[in-house]
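Just follow the structure's listing: the first ligand is 1, and inside any ligand the first atom is 1.
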Amino acid sequence: MSLKISVPATSANLGPGFDSVGLAVSLYLTIEVLAQSDVWHIHHDLGAEVPCDERNLLLETALEVCADLTPHQLKMTSDIPLARGLGSSSSVIVAGIELANQLGNLQLTPTEKLALATKIEGHPDNVAPAIFGNLVIASTRDAKTSHVVAQMPETGLLAFIPDYELKTSDSRKVLPSEFAYKTAVAASSVANVAIAALLTGNMLLAGQMIEEDLFHENYRGSLVPEFAKIREIGHAEQAFATYLSGAGPTIMVMVAVAKLVNLKAKIQAENFSGKLLELHVDTVGVNVVK
Ligand SMILES: Nc1ncnc2c1ncn2[C@@H]1O[C@H](COP(=O)(O)OP(=O)(O)OP(=O)(O)O)[C@@H](O)[C@H]1O
Ligand SMILES: N[C@@H](CCO)C(=O)O
């Protein structure tokens, strides 16, 4: 049997869409199913800290979804950097669900996959676009997830991926545990206009609203020292928006395609330690090739 599963990276939040909005982007985790085996084994070159057995999040997820899968040798490759704010954990969870779906012949619908993935990840903002591709707006309350898949308006995407990791769990520790009613109303009004602008293709307004986030970026800015400077460069180069991708530390800049080259040169000139990558919107989501 030949089976290959690929899952895109995802950039969550887009400013005020905290925990509920995400965009699928063009970096990929790929799982290749090799021969049946007595025990599970994952061949990968992602480093010694990534387990090769059932302790790997891929197999933890697959076996949680379907406990009696036949063990296989697997090959895992990924260009999604770990703990950088590009949805590496969600890509593995979605791949694990798909692995169980295929090997266990579960016939899961995309909505069922979203429910399973959200339960495991805790929020839908990365797993939803990893499943559906594109821009996804989702809300999970009382274990029920509602979602809308939308086309992202045309924009260039430039990601600065710092050399250091920032685990989502650490980046969530700096957030407040409570929010005053008035602030919550203001924060959700910003989010509402951001989404309405994205859905009507108004990148200028969407960009302004993305940068007015009140939910998380003010608290996380100090964890990502490059953020303020890159946003300043974004303003000087007329980018639509600069935001913290997911829990950081990746910084995403949305900019008109014609302005990408200049923007890239200006950020490169700062000599920050990390990678600067031009990305594209992934419109496919999780993909199975047999
Ligand atoms: N290929 C992989 N195999 C096994 N575990 C992985 C893999 N990729 C990521 N993980 C797990 O996910 C953790 C990173 O998850 P975390 O939520 O901190 O960051 P992220 O998903 O990359 O970023 P964000 O959620 O902000 O977009 C890693 O430390 C590791 O435990
Ligand atoms: N919405 C999440 C994304 C990372 O998992 C956060 O910002 O913490």
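Using a non-hydrogen distance threshold of 4.0 Å, Gly85 registers as a contact of ligand 1. For Leu58, the heavy-atom gap to ligand 1 stays at 4.0 angstrom or more. Within the 4.0 Å heavy-atom cutoff, Lys167 does not count among the residues contacting ligand 2.
Remark: minimum distance from atom 19 (O) of ligand 1 to any protein heavy atom is reached at Ala83 CA, 3.4 Å. Shortest contact from atom 3 (C) of ligand 2 to any protein heavy atom: Asp125 OD2, 3.5 Å. Looking only at heavy atoms of the protein, atom 29 (O) of ligand 1 is closest to Lys167 NZ, 3.2 Å. The protein non-hydrogen atom at the shortest distance from atom 2 (C) of ligand 1 is Val92 CG2, 3.3 Å. For atom 12 (O) of ligand 1, the closest heavy atom belonging to the protein is Ser89 CB, 3.4 Å. Looking only at protein heavy atoms, the nearest one to atom 5 (O) of ligand 2 is His123 CE1, 3.1 Å. For atom 28 (C) of ligand 1, the closest non-hydrogen atom of the protein is Leu82 CD2, 4.3 Å.
A donor-acceptor distance shorter than 3.5 angstrom exists from the side chain of Ser37 to the backbone of Val39, with no hydrogens or angles considered. Between the Ser88 side chain and the Leu82 main chain, no donor and acceptor come within less than 3.5 Å of each other. The closest donor-acceptor contact from the side chain of Arg220 to the backbone of Leu175 lies at 3.5 Å or more, if one exists at all. Between the side chain of Glu217 and the backbone N or O of Leu244 there is at least one donor-acceptor pair closer than 3.5 Å. Between the side chain of Asp282 and the backbone N or O of Val284 there is at least one donor-acceptor pair closer than 3.5 Å.
Residue Asp19 approaches ligand 2 through these ligand atoms, each under 4.0 Å from one of its heavy atoms: 1 (N), 2 (C), 6 (C). Ligand-side atoms of ligand 2 in range of Asn13: 1 (N), 6 (C), 7 (O), range being under 4.0 angstrom from any heavy atom. Those atoms of ligand 1 with a heavy atom of Met76 less than 4.0 angstrom away are 1 (N), 3 (N). Every atom of ligand 1 with a heavy atom of Asn56 under 4.0 Å away is listed here by number and element: 3 (N), 4 (C). Each of the following atoms of ligand 1 lies closer than 4.0 Å to a heavy atom of Leu46: 1 (N). Against a heavy-atom cut-off of under 4.0 Å, Arg84 is close to the following atoms of ligand 1: 22 (O). Atoms of ligand 1 lying under 4.0 Å from at least one heavy atom of Asn126, given by number and element, are 25 (O), 27 (O). Atoms of ligand 1 found under 4.0 Å from any heavy atom of Val50, numbered from 1 in the order shown, are 3 (N), 4 (C). Using a 4.0 Å cut-off to heavy atoms of Thr168, the atoms of ligand 2 that qualify are 4 (C), 5 (O), 8 (O). Below 4.0 Å from some heavy atom of Asn126 lie the following atoms of ligand 2, by number and element: 3 (C), 4 (C), 5 (O).
A salt bridge (Lys or Arg N to Asp or Glu O under 4.0 Å) with Asp170 is found for one member of Lys167, Arg172, Lys173 and no other, namely Lys173.
The ring of Phe215 has its center closer than 6.0 angstrom to the ring center of Phe179. Annotation: Phe132 is in aromatic contact with His147 [ring centroid separation under 6.0 Å].
Counting only heavy atoms from C-beta outward, the side chains of Glu278 and Leu260 approach each other to under 4.5 Å.
Inclusion of Ser169 in the set of residues having an N or O under 3.5 Å from an N or O of ligand 1 is not warranted. Residue-to-ligand polar distances place Gly87 within reach of ligand 1: an N/O pair is separated by less than 3.5 Å. Between Ala247 and ligand 1, at least one N/O pair is under 3.5 Å apart. Residue contacts with ligand 1: Gly248 is placed with no nitrogen or oxygen under 3.5 Å of a nitrogen or oxygen of the ligand (distance criterion only). Inclusion of Ser88 in the set of residues having an N or O under 3.5 Å from an N or O of ligand 1 is warranted. Inclusion of Thr10 in the set of residues having an N or O under 3.5 Å from an N or O of ligand 1 is not warranted. Looking at ligand 1, you'll find an N or O of Thr168 within less than 3.5 Å of one of its N or O atoms.
In this structure, atom 31 (O) of ligand 1 is not in close contact with the protein, since no protein heavy atom lies within 4.0 Å of it. Atom 7 (C) of ligand 1 lies below 4.0 Å from at least one non-hydrogen atom of the protein.
Considering only non-hydrogen atoms, atom 11 (C) of ligand 1 lies nearest to Leu57 out of Leu57, Leu244, Leu59.
Contacts with ligand 2 closer than 4.0 Å are made by side-chain heavy atoms of Arg172 only, the backbone lying farther away. Residue-level proximity to ligand 2 for Glu217 is absent, since no heavy atom of it falls below 4.0 angstrom.
Summarising the local packing, CD of Glu49 is surrounded by more than 12 heavy atoms from other residues, nucleotides or ligands at distances under 6.0 Å. The environment of CD in Gln151 is sparse: at most 12 heavy-atom neighbours from other residues, nucleotides or ligands sit within 6.0 Å.
Distance CG/Leu34 to NZ/Lys75: 8.0 Å, rounded to 0.5 Å. Once rounded to the nearest 0.5 Å, the distance linking OG1 of Thr77 with CD of Glu32 reads 7.5 Å. Atom CG of residue Asn105 and atom CD of residue Gln107 lie 4.5 Å apart, to the nearest 0.5 angstrom. Here CD1 of Ile31 is found 4.0 Å from CE of Met76. Values are rounded to the nearest 0.5 Å.
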ask   = Could you go step by step and tell me if Asp53 and Arg55 meet the salt bridge (Lys or Arg N to Asp or Glu O under 4.0 Å) rule?
value = CA-CA 5 Å; Asp53 55 17; Arg55 290 168 303 157; 3.0 Å; yes
Tyr243 and Asp213: CA distance, side-chain angles, deciding distance, side chain to side chain contact (heavy atoms under 4.5 Å, CB included) verdict = CA-CA 9 Å; Tyr243 68 91; Asp213 159 63; over 6 Å; no
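Using cut-offs of 30° and 60° for the angle between ring planes, the Phe272 and Phe160 rings count as tilted.
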